[in-house]
Each structure stands twice: as structure tokens, then as C-alpha cells.
Amino acid sequence: MSTLLLFTFAAPQMWLQIVLFVVGIIVVTWGADRLTDGAVGLAERMGIPQIVIGLTIVAVGTSMPEFFVSLMSAVNATPDLAVGNIVGSNIFNALLIVGVAAALSPITILHSTVKKDIPFALVSSVVLLIICLDGGISRLDAGILTAMFVLFMYIVLKGAKGDPEVAAEPEESDREPMPVVKAVLLLIIGLGCLILGSNVFVDNASAVAKSLGMSEALIGLTIVSCGTSLPELATSVVAARRGNSGIAIGNVLGSNAFNILMTLGVTGLIAPMHLNGITSVDLSVMVISMVLLWLFSFTKHRIERWEGGLLVAVFIGYMAYLIMQAI
């Protein structure tokens, strides 16, 4: 299937492609926020506990930009853009977001994050590396990733009730529940924005890549992945300045597992992907970034400023490598 719709959203002129590319990022990000707000409001109306909402609906909601961009990329026959988005986003999260947050203010990592979130994200990265060695993601491969996602959700939810750190999080009991009609409307609007925005985003990203002579893998690893991860970067920087970066970093790391297991799992089941531009170097950097993060966190459950600086330096080095390869 060459395109999900009967027409393309790509503009004929490059300047307009760039404008629509940025507009696509904004629409996808805004739509993800509306979808999450609506889902949380509806879940609260149904009496679902706050902790379950946070660990499932909100966590999945923050991964919706990556999910829809990768899904539309795979369905529209641009698999390198789909996988590049996830690999690049995870590298961006682990190296740049954590690195910048730690450089601003040393961060303390929750014990549960060191024990569960980082190792699971690391294992997910290694599994993806192994799966992609044959040059593609088949439905069997996608089924493995999806099964791991179900296992991840089971472990997270089972451990949440007995986790004193999670239990210590404050409940927002004084907030008025959202009306059901408003929650459903936000869900519909958010979903529509995600579908429309991701199509605009992917079509124009592919057009810009072709105009500049860039491969879809390269633009997925750089521009697209950075664009879909901007909300997490902004959140973590603000949290770091306020001294609350530990919680924000935990959420960002958890999203790495969601990106691989849920996004590529579901995407691969719908549209198996054959990869050309995603190399073992890209996948290895993703794994190495998680290993570095785990080592820094495991030692003292704290990431110092110099460690954050090192993570940022590794990210800059990887970006420089990609640019040199493209020249």
C-alpha cells in the first residue's frame, strides 16, 4: 500500500514541506495531550485507580506521537522512517534528555526505575537489535515484541501496589471529575489530530528527505525522532530546574520500552517491515546508550553533572557520525 489515503499531504514546494512538517509535529503533540486528558478523565469517571491510570493510560499517551508516526510510516511503505523514528527517539531520550537534565541538576533515580524500567528498556533494545539482524521485522518478530509488552505491563502493574515509592505519590482527590461528554470529545479530537498530524508529518518528512538527498532512515533517526521527543525534553528540562527530574526521567525511560514493544510490536503486526537504511551501528548505539544509563544509575542511584555531560557528548558524536555518513 503506497499511501493510507488516496492523496498525499506533501506540498510541492520545499519551504511549504518544511512548514507542514513543523505543523505536523505540533498537531501530533497537541493531539497526544488531548487524547491523554480524555482517557484520564474517562478512566477517573469509571473509578479506575490513579496509579493504574498513570502507569498505563498516561504512559501510553506520551508514546502516541512515536506510535502514530511509525504506524503511518510503515503503512505508507516507508519502514526505515518508522523504525528510525523509534531507534532515534530512544537514543534521544537516553542520551540527550537524561544528559541535559543531569547537566542542569544532578538527578536521583528511583530504586524501582533502576530495578525494573531501565533493565526492561535495555532488554527491549537488545531484542530489537537481534530481531533486525535479518534486515526486517516480520509478524513473528512483532508478535514477540507485543508479548513482551504485555509482560512489561503485567510486571509494572503488579509491582505498583507494593512499591512504597509509587504509593507515596500524592493523589489528586480534590479535583472535579471530567464530564463524560467532554472526555469522549477529547478522545475523538485527540485521535483525529494524531491520525491527521502524523500523515502530514510523515509525507512532508519523506518529501524533504528526498529533496535534500537524505535517506528515510537518516531523517527518521534525526529530525523525526527529535520532533516526536520534544515534549519529553521540555518536560524533563522544566523538572530538572525544579529539582524533580528523577520522576520525569523515570517516565522518559519507561517510554523507551513502550516505543519498542508497543509501537514496533503493533506496527509490525499490521505491516511487516523490510529495512534498508537502519544499520547495526544505529541499533548498537541505542543499546549502548541504555547500558551507559544503567551503569550511571546503578552505582549510586544518581546521575552526576559530569555523567550527564558525557551522555550529551555521546549523542553529539552519534549525530556527527550520521551527518558524516550522509555527506
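The model shown is predicted, which means the values in this text are computed figures rather than measured ones.
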Test item: Arg302 side-chain N/O and Ser297 main-chain N/O as donor-acceptor pair under 3.5 Å: no

Give the intermediate values and the outcome of salt bridge (Lys or Arg N to Asp or Glu O under 4.0 Å) for residues Glu307 and Arg305. CA-CA 5 Å; Glu307 293 171 326; Arg305 280 194 172 91; over 6 Å; no

Does Thr78 reach the main-chain N or O of Leu81 with its side chain, forming a donor-acceptor pair under 3.5 Å? no

Quick check on side chain to side chain contact (heavy atoms under 4.5 Å, CB included): which of Val287, Ile130, Asn256 does Ser125 satisfy it with? Val287

Ring centres of Phe258 and Phe152 under 6.0 Å apart? yes

Separation of Tyr318 OH from Ile288 CD1 (nearest 0.5 Å): 11.0 Å

Do any N or O atoms from the side chain of Glu66 and from the backbone of Ile86 form a donor-acceptor pair under 3.5 angstrom? no

Any donor-acceptor pair under 3.5 Å from Arg139 side chain to Leu269 backbone: yes

Spell out, yes or no, whether Ile270 and Leu140 are grouped together once hydrophobic residues are joined by side-chain heavy atoms under 4.5 Å, including indirect joins. no

OG1 of Thr263 to CG of Leu71: how many Å apart, nearest 0.5 Å? 9.0 Å

To the nearest 0.5 Å, what is the distance between CG on Leu95 and CG on Leu311? 6.0 Å

State yes or no: do Val150 and Ile260 share one hydrophobic cluster built from I, L, V, M, F, W and Y residues joined by side-chain heavy-atom distances below 4.5 Å, directly or via other members? no

When you measure from the side chain of Asp282 to the backbone N and O of Ile278, does any donor-acceptor pair fall under 3.5 Å? no

Determine whether the side chains of Asn276 and Asp80 contain a donor N or O and an acceptor N or O closer than 3.5 Å. no

State whether a side-chain donor-acceptor pair under 3.5 Å links Asn85 with Ser70. yes

